[in-house]
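Structure first, then comments.
Not measured: the values here are computed from a predicted model. When a ligand or atom number is given, it counts from 1 through the structure's own listing order. Only heavy atoms go into these numbers, but all of them, side chains included; no hydrogens, no water, no symmetry mates.
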Amino acid sequence: MTLPVLVLNSGSSSIKFSVYETANGEVAKLLEGAVDGIGSSALGKFWIQGADGVKLVDETPAIPDLETGFALVAGALAQPPFPQPAAIGHRMVCGGPTVTENQRITPELIEEMERYTAFAPLHTPTAIFIMRRAAELFPGVPNFVCLDSYFHRNLPEVTRQLPIPEPYAAMGVRRFGAHGLSYESIVSHLQRENPERFPSRLIVAHLGNGASISAIRGGRGVDTSMGLTPTGGLISGSRTGDIDPGVLLFLLRGLAARLPGTVAAADELEKIVSKQSGLLGVSGLTNDMRSLRAAIGEGNAAARLAVDEFCYVLRKFIGAYTAVLGGLDMLVFTGGIGENDAATRAEACAGLEDMGIILDLARNASRGEATISADGSPVTVRVIPPAEDLMIVGHVLRLMRN
Ligand code: ADP
């Protein structure tokens with residue numbers, strides 16, 4: 001019997017989705033798609049393509065809000081040739097301190113997770129909206145939440161606990177990390193590939209629009225760069241990453257003096273650190289690495305500085321996590337930049353030869369999954385695409401069996 005599983009993965013202005021067919025332990029992708037440009041005054045994009053890459057839907061509708069965006073997805077998937085899902089898996093960045101396990105979604109669970117919207121403010125409101133609408137639009141179909149924070153749930157106390165007074169820690173303020181489904185998928189890829197030679201000291205850098213890096217020992221996360229929220233750690237497309245907290249206080253005082261009330265000032269500060277900073281803030285141009293590389297090619301100095309800062313912070317974290325692990329066996333690059341931008345990989349690893357990280361520049365220039373370290377490099381360096389949706393399908397199937 002086949003069991004179609006719908007995977008929903010929402011960002012602040014997009015909903016990505018895919019349908020997998022599962023039969024007799026085999027999982028195969030049937031289709032994938034996205035609505036992009038939600039809330040924009042310009043036209044958005046809505047597409048669905050089969051596993052063979054052939055476009056089944058390719059439209060540019062106006063998508064003024066989430067309701068419209070999700071109605072497009074649900075409307076299309078409710079009709080033939082698309083199968084009615086037997087289960088739905090939702091990606092969620094963080095469920096808060098009380099929701100740390102992947103599980104079936106109930107109205108009470110949604111309310112519980114909603115209390116911690118501030119822990120992933122760009123992602124959680126959309127995810128919760130979609131969970132509620134999916135329950136209405138696909139009545140009777142079980143919905144499951146799959147958390148990015150799940151991979152990091154057993155971080156050691158020293159990396160989990162933030163250096164703040166206990167009453168605030170008791171409110172749930174601690175390191176949750178993000179991109180956990182990506183990290184899980186890399187660990188599971190390496191375990192499947194060769195369980196005997198699984199790298200005991202592993203660093204994975206997930207470099208997408210949001211960027212994070214994790215130190216993993218024996219398959220278990222021991223540190224990760226994002227903290228309470230996805231704003232911390234590495235520099236991201238439009239987020240600061242780690243920054244002196246004094247900067248936030250300085251900005252907040254300035255904002256509070258001209259805005260009506262603390263909430264308005266905090267909202268504005270949130271916009272600055274999450275949507276206007278990072279690669280976008282430094283370059284003054286774009287959050288998109290591909291466009292930055294093109295601008296660098298044309299001699300744009302601000303774009304060069306933004307990418308230099310990005311690679312510098314990444315290199316610092318690689319060094320720090322090598323120290324955390326007491327040495328390194330494997331470094332994996334993943335995510336849109338990690339997979340596709342050879343220059344970022346080379347620039348981040350430049351000067352790390354004495355730490356055993358030696359790239360082969362010809363291999364680094366190849367496309368797709370590859371080993372990019374030189375023969376004889378003490379650390380193996382690899383590029384492996386993430387498979388978050390497959391991890392979600394795996395969790396959903398396990399939860400349904402239980
Ligand atoms: P998200 O976090 O939204 O899932 P992705 O993992 O798709 O993002 O990564 C998006 C980033 O990957 C963007 O900065 C984009 O420019 C970059 N990227 C994608 N393809 C390339 C490429 N060929 N060269 C350089 N950067 C690329």
Side-chain angles (χ1 to χ4, degrees), residues 7-18 32-40 44-45 47 69 91-94 120 122-123 126-127 146 148 177-186 204-214 224-226 229-231 233-239 241 274-275 277-283 285-298 300 303-304 306-311 313-314 332-348 364-370 372 383-392:
V7 174
L8 292 168
N9 180 350
S10 52
S12 53
S13 65
S14 69
I15 306 168
K16 295 180 189 166
F17 58 95
S18 52
E32 64 185 327
V35 282
D36 216 340
I38 297 170
S40 163
K45 273 195 197 142
W47 58 271
R91 177 187 168 205
M92 175 88 171
V93 172
C94 176
L122 297 188
H123 301 84
T126 317
C146 297
D148 275 306
H179 292 140
L181 288 155
S182 168
Y183 294 124
E184 252 185 80
S185 80
I186 302 296
V204 181
H206 179 107
L207 312 176
N209 261 319
S212 74
I213 184 165
S214 282
T224 192
S225 59
M226 286 177 171
T229 74
T231 321
L234 299 179
I235 294 174
S236 286
S238 61
R239 300 178 215 148
S274 290
K275 296 190 173 168
S277 295
L279 292 173
L280 169 65
V282 179
S283 70
L285 206 61
T286 172
N287 63 330
D288 185 88
M289 183 59 85
R290 217 173 339 188
S291 310
L292 286 170
R293 290 286 175 197
I296 291 170
E298 289 160 8
N300 186 307
R304 182 68 268 173
V307 174
D308 281 349
E309 279 192 40
F310 180 89
C311 293
V313 174
L314 176 56
V332 175
F333 287 99
T334 191
I337 300 170
E339 281 171 70
N340 298 301
D341 197 23
T344 291
R345 297 191 298 257
E347 288 163 24
N364 186 40
S366 65
R367 298 222 135 242
E369 190 181 333
I372 58 170
V383 174
I384 303 177
E388 289 126 314
D389 286 6
L390 261 182
M391 295 315 299
I392 292 176

Inset, instruction - Within a distance under 4.0 Å of any heavy atom of Asp341, pick out the atoms of ligand 1 and give their elements. - result: 25 (C)

Inset, instruction - Look at atom 15 (C) of ligand 1 and say which protein heavy atom is nearest, naming residue and atom and giving the distance to 0.1 Å. - result: Asp288 OD1, 3.5 Å

Legend entry - Nearest-neighbour protein heavy atom for atom 6 (O) of ligand 1, which is reported as residue plus atom name and distance: Gly336 N, 2.9 Å

Inset, instruction - Check whether any N or O atom of Asn209, backbone or side chain, sits under 3.5 Å from an N or O atom of ligand 1, and answer yes or no. - result: yes

Legend entry - Polar atom proximity, Leu207 to ligand 1 (N or O, under 3.5 Å): no

Inset, instruction - Provide the closest heavy-atom pair for Ala295 versus Leu285 in the form atom of the first, atom of the second, distance. - result: CB-CD2, 3.5 Å

Inset, instruction - Inspect the contact between Glu347 and Arg304 and indicate whether a charged nitrogen and a carboxylate oxygen are less than 4.0 angstrom apart. - result: yes

Inset, instruction - Please confirm whether Ser291 comes within less than 3.5 Å of ligand 1 when only nitrogen or oxygen atoms on both sides are compared. - result: no

Legend entry - Shortest non-hydrogen contact from Phe310 toward Ala211: CE1-CB, 4.1 Å

Inset, instruction - Measure across Arg345 and Ser366 and return the closest heavy-atom pair with its distance rounded to 0.1 Å. - result: NH2-O, 4.1 Å

Inset, instruction - Around atom 11 (C) of ligand 1, find the nearest protein heavy atom and jot down its residue, atom name and distance. - result: Ile337 CG1, 3.7 Å

Inset, instruction - For Lys16, counting its heavy atoms only, list the atoms of ligand 1 lying under 4.0 Å from any of them. - result: 4 (O)

Inset, instruction - Would you mind checking which non-hydrogen protein atom is closest to atom 26 (N) of ligand 1, with the distance to 0.1 Å? - result: Arg290 N, 3.8 Å

Legend entry - Residue that, paired with Ser18, satisfies side chain to side chain contact (heavy atoms under 4.5 Å, CB included) out of Leu8, Asp389, Asn9: Asp389

Inset, instruction - Can you label the angle between the His206 ring and the Tyr183 ring as parallel, tilted or perpendicular, going by 30° and 60°? - result: perpendicular

Inset, instruction - If you have a sec, work out which protein heavy atom is nearest atom 23 (N) of ligand 1 and how many Å separate them, to one decimal? - result: Asn340 CB, 3.4 Å

Inset, instruction - Show the numbers, then the answer: is there a side-chain contact (heavy atoms from CB on, under 4.5 Å) between Leu234 and Leu207? - result: CA-CA 9 Å; Leu234 299 179; Leu207 312 176; 3.8 Å; yes

Inset, instruction - Flag Met289 as yes when one of its N or O atoms lies below 3.5 Å from any N or O atom of ligand 1, and as no otherwise. - result: yes

Legend entry - Minimal non-hydrogen separation, Thr334 against Pro385, with atom names: OG1-C, 3.5 Å

Legend entry - His206 N/O under 3.5 Å from ligand 1 N/O: no

